[in-house]
2 protein chains.
Amino acid sequence: MNNITIKDIAKKFKCSPSTVSRALNDHSNINADTKETIQEYAQKMGYQKNSISLSLLNKSTKTIGVLVPSINHSHETLMIQGIQSVFNSLGYMLIFCVTNEKHNLEQDHIKRLLSNRVDAILVSISQETASLRDFSHFDMVNKRKIPLVFIDRDIVENYGSSVVIDDYAGAYLATKHLIENGCRRIAHLAGPQGLLVSKLRLEGYLDCLKNNGIAPKDDWIKHIEFDIEGAIEPTKNWFEAKNTATPDAIFGVNDYVCYGAINVLTSLGIKIPEEVSVVGFDNCPISPYFSPKLTTIDRKSYEIGRLAAEQTLEMLSSDTYFSEKSILNPILIERESTRQVY
Amino acid sequence: MNNITIKDIAKKFKCSPSTVSRALNDHSNINADTKETIQEYAQKMGYQKNSISLSLLNKSTKTIGVLVPSINHSHETLMIQGIQSVFNSLGYMLIFCVTNEKHNLEQDHIKRLLSNRVDAILVSISQETASLRDFSHFDMVNKRKIPLVFIDRDIVENYGSSVVIDDYAGAYLATKHLIENGCRRIAHLAGPQGLLVSKLRLEGYLDCLKNNGIAPKDDWIKHIEFDIEGAIEPTKNWFEAKNTATPDAIFGVNDYVCYGAINVLTSLGIKIPEEVSVVGFDNCPISPYFSPKLTTIDRKSYEIGRLAAEQTLEMLSSDTYFSEKSILNPILIERESTRQVY
DNA sequence: AAAACGATTTCAAACGTTTGCATTAATAAT
DNA sequence: ATTATTAATGCAAACGTTTGAAATCGTTTT
């Protein structure tokens with residue numbers, strides 16, 4: 001590359017690199033004329049300080065690693081935007097890694113982030129990691145004492161800070177809303193097994209049923225992936241079964257699975273919410289425009305990202321290592337996919 | 001930080017850093033025993049090579065900068081995934097920057113990426129940059145001779161390679177599809193003014209109308225933002241006007257604006273596609289699950305990202321600077337939002 | 001015994017920047 | 001004239017790693 005360096009400038013003006021460095025950084029004890037000449041020349045030649053050498057010197061890269069399992073869902077992109085909103089204004093750069101829910105990719109990425117000496121790491125753990133429960137790569141992060149913040153998907157052990165939504169409360173809220181509006185046969189499209197998120201939402205759902213004197217039905221709880229496709233089969237099975245009672249409501253682990261369920265219901269000619277109510281979780285930007293407009297739990301994705309970033313900043317500026325757990329309160333967003341009885 | 005370095009290991013074994021370096025890199029002329037001892041110890045101590053120092057030495061960071069205007073749309077996240085799919089397997093790290101369609105943010109990010117000595121930059125230019133036509137920041141990139149690839153949104157001047165969908169052809173295709181199925185009063189929800197993408201799609205639409213003997217109607221062409229909300233007002237105006245003819249079809253600049261238009265049509269009790277047909281552009285993952293399932297133009301987002309990444313790799317490996325322009329052919333995906341006459 | 005060889009290992013420079021300390025030169029105070 | 005003071009600049013080390021060339025040392029060949 002033909003990158004002009006401080007040394008080049010020093011040679012040009014027959015002075016030392018130190019002088020150039022100080023001139024460019026507007027140091028006080030540099031002759032005003034010298035300063036101006038050097039600054040002008042640097043500007044003219046398009047000098048750009050080499051952050052790499054600075055990183056090496058300062059042992060700080062002003063770079064943050066962000067690990068997410070996927071970027072298919074608006075929940076994730078909103079979170080990322082929340083993170084960006086905090087870091088960008090402070091001159092940090094964000095390195096993104098997508099793990100595709102794979103454990104080994106997650107490990108690889110962590111290693112590379114460490115090798116690249118990022119100042120901190122935010123991570124939403126992959127499904128595989130959650131179910132394998134192998135957190136050795138996070139040990140490496142801890143050993144280096146660099147701030148580690150878990151976002152969105154918690155892990156049970158104490159490996160760092162975390163910022164999550166109260167999944168249990170959200171699920172409870174959703175289920176309660178259905179019950180209050182007269183639903184009694186509530187099915188649940190649950191998330192992938194092994195993920196704490198799935199477990200907590202399932203528990204919230206189950207506890208709410210129990211507290212309202214409703215016995216859960218195993219057949220009406222299906223663990224599926226976090227996508228539209230996964231919802232198709234289970235929903236079909238529930239509603240095409242002719243010789244048995246069908247659900248009068250579905251609580252989906254996220255909005256996407258509800259989109260799938262709603263597609264099935266619509267194609268079966270089942271009316272939402274008159275015959276079946278549907279509640280999701282996430283509050284995707286599209287949900288208010290879906291047909292029917294989806295009632296859902298606001299997951300505060302952007303807020304989670306923002307908070308996680310701020311948590312990270314706190315950890316970065318503190319000289320003693322500490323970790324903190326933030327749990328956000330979800331709120332119910334009522335729309336048209338659930339009936340309302342007054 | 002308590003990062004263990006090669007020097008530490010050298011001290012431990014009373015040998016020189018060079019020996020340690022070679023041992024860790026499995027260099028041939030290092031005593032087998034020495035090698036093993038050192039490797040074992042490094043492993044045990046969790047030694048991680050410092051990529052920063054390597055970057056400084058090699059003048060290559062194995063890092064790619066990716067600049068996008070937003071990450072709200074699946075089109076963008078799919079593109080990003082396409083880019084990731086290529087670079088991740090080759091050990092590159094991706095630094096993401098979101099410009100929020102702002103010119104000054106785009107400039108800032110470019111400067112920082114250059115300062116961080118990324119090996120290449122992929123960029124989807126912001127709306128502001130496109131309309132201001134100030135490309136000085138790309139001059140800086142060119143001056144450094146680092147590969148620059150424009151994705152998705154082209155710029156007219158020759159600043160680097162580019163990978164885009166054939167927007168004109170796609171729009172022509174969409175409009176033709178509507179005309180072939182009997183629509184004659186075709187409205188267009190156009191993209192933001194100033195963007196080449198918007199202009200090309202508008203032209204494809206206009207040319208197709210002209211070639212089929214249909215006179216375009218100014219009132220039926222509205223420039224709006226790339227989101228759901230922007231579509232609401234214009235659509236309302238078109239269909240609530242009582243004393244004049246209403247469109248029998250809408251061609252939306254992307255799927256999102258169609259979601260908005262469809263919402264308005266549905267709430268007005270207008271049947272899709274019986275009364276009004278709707279075609280979008282992008283083929284978002286949700287479109288096949290929308291109600292009605294949206295007919296659209298496949299923008300090949302993932303493919304664009306993948307191709308752009310490969311283009312970049314070629315530029316990186318070539319010792320002479322060159323640029324290349326790839327234009328992908330869009331295809332029509334027929335679903336339920338357009339009527340079909342046979 | 002001297003020379004040549006091969007196997008290992010070390011030296012030193014390089015990448016670009018910052019920074020405490022030393023140096024120089026010019027001016028002011030004694 | 002000498003010393004103290006100030007302003008401006010230079011020196012050298014440091015960050016962690018790699019790498020060509022040089023050095024060391026034991027062994028083999030002549």
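Source: prediction; values computed, not measured.
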task: Report the residues that fulfil salt bridge (Lys or Arg N to Asp or Glu O under 4.0 Å) with Arg153(A), sequence neighbours left out, ordered by chain and then residue number.
output: Glu101(A)
message: Between Ser74(A) and Thr77(A), is there a side-chain donor-acceptor contact under 3.5 Å, judged purely by atom types and distance?
response: no
Which side-chain N or O atoms in residues 305-318 of chain A pair as donor and acceptor under 3.5 Å with protein atoms at least two apart or in another chain?
residue	atom	partner	partner atom	Å
Arg306(A)	NE	Glu303(A)	OE1	3.4
Arg306(A)	NH1	Glu310(A)	OE1	3.1
Arg306(A)	NH1	Glu310(A)	OE2	3.0
Arg306(A)	NH2	Glu303(A)	OE2	2.8
Gln311(A)	NE2	Ser326(A)	OG	3.1
Thr312(A)	OG1	Ala308(A)	O	2.6
Ser317(A)	OG	Leu313(A)	O	3.3
Ser317(A)	OG	Glu314(A)	O	3.1
Ser318(A)	OG	Thr320(A)	N	3.1
Ser318(A)	OG	Thr320(A)	O	2.5

message: Any residue in residues 44-54 of chain A with a heavy atom nearer than 4.0 angstrom to DNA chain C? Just list them by number, or reply none.
response: Tyr47(A), Lys49(A), Asn50(A), Ser53(A), Leu54(A)
- request: Take the C1' atoms of the five end pairs on each side of the helix from dA1(C)-dT30(D) to dT30(C)-dA1(D), get both axes, and report the angle to 10 degrees.
  value: 80°
- prompt: Centroid-to-centroid, His137(B) to His103(B), below 6.0 Å?
  reply: yes
message: Between Asn104(B) and Glu128(B), do the side chains contain a donor N or O and an acceptor N or O under 3.5 Å apart?
response: no
query: Any sub-3.5 Å donor-acceptor pair from Asp119(A)'s side-chain atoms to Thr61(A)'s backbone N or O?
result: yes
field: CD (Glu36(B)) with more than 12 external heavy atoms under 6.0 Å
entry: no
message: How would you summarise protein contacts on nucleotides 4-12 of chain C per nucleotide, using B for base, S for sugar-phosphate only and - for none, with heavy-atom distances below 4.0 Å?
response: ----BBBBB
field: Nucleotides bounding contact with chain B, strand DNA chain D, heavy-atom threshold 4.0 Å
entry: dC15(D) to dA21(D)
- prompt: How about Asp108(A) and Asn88(B): do any of their side-chain heavy atoms sit closer than 4.5 Å?
  reply: no
- request: Compare all side-chain heavy atoms of Ile71(A) with those of Ile71(B) and state whether any distance is below 4.5 angstrom.
  value: no
- prompt: Rounded to the nearest Å, what distance is computed from the NZ atom of residue Lys7(A) to the P atom of nucleotide dA13(C)?
  reply: 12 Å
message: Quiz question: by atom type and distance under 3.5 Å, do the side chains of Thr34(B) and Thr37(B) form a donor-acceptor pair?
response: no
message: Using modelled atom types and a 3.5 Å cut-off, is there a donor and acceptor pairing between side-chain atoms of Asn58(B) and backbone atoms of Ser60(B)?
response: no
message: Once you apply a heavy-atom cut-off of 4.0 Å, does Asn25(A) come out as touching a base, just sugar-phosphate, or nothing?
response: sugar-phosphate
query: Does the side chain of Val163(A) reach to within under 4.5 Å of the side chain of Phe150(A), using non-hydrogen atoms?
result: no
message: For Ala23(A), is there any backbone N or O sitting under 3.5 Å from a side-chain donor or acceptor partner on Gln39(A)?
response: yes
